[in-house]
Amino acid sequence: MTGLPKTLMIIGGILLILGFLMQFIKIGKLPGDIVIKKENATFYFPIMTSVLISVILSIVFYFFGRLK
């Protein structure tokens, strides 16, 4: 198996592992995340979580790019 199917399986496995780990790591509750709670509705917008994940992925992809 080469090419696209292998890549999709690897990405799926990584997402599965990340989803499992997110149960134990409370990264979605950072200061700066917007949470609005009304009577029967909750709006959640994770600004700081998105920024943190973006910075981490940028660093990871930078180092992967340097290895080639």
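In this text, all values refer to a predicted model and were calculated from it rather than measured experimentally. Position 1 is the first residue of the sequence; numbering continues from there.
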Exercise. CG/Leu15 to CD1/Ile10 distance, rounded to the nearest 0.5 angstrom?
Worked result: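 Interatomic distance, Leu15 CG to Ile10 CD1, rounded to 0.5 Å: 12.0 Å.
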Problem set entry | CD1-CG distance between Ile11 and Leu4, expressed to the nearest 0.5 angstrom |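 Here the rounded value is 8.5 Å.
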Is there a path of hydrophobic side-chain contacts, each under 4.5 Å between heavy atoms of I, L, V, M, F, W or Y residues, that connects [X] with [Y]?
X     : Y     : result
Ile17 : Ile14 : no
Ile56 : Met48 : yes
Ile47 : Ile36 : yes

Problem set entry | Pair listing, side-chain hydrogen bond (donor to acceptor under 3.5 Å, both in side chains) test, anchored in residues 49-60, at least two apart |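 Only Asp33-Thr49 qualify under side-chain hydrogen bond (donor to acceptor under 3.5 Å, both in side chains).
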Exercise. Between Phe20 and Phe24, how do the two ring planes meet: parallel, tilted or perpendicular, split at 30° and 60°?
Worked result: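 Correct class here is perpendicular.
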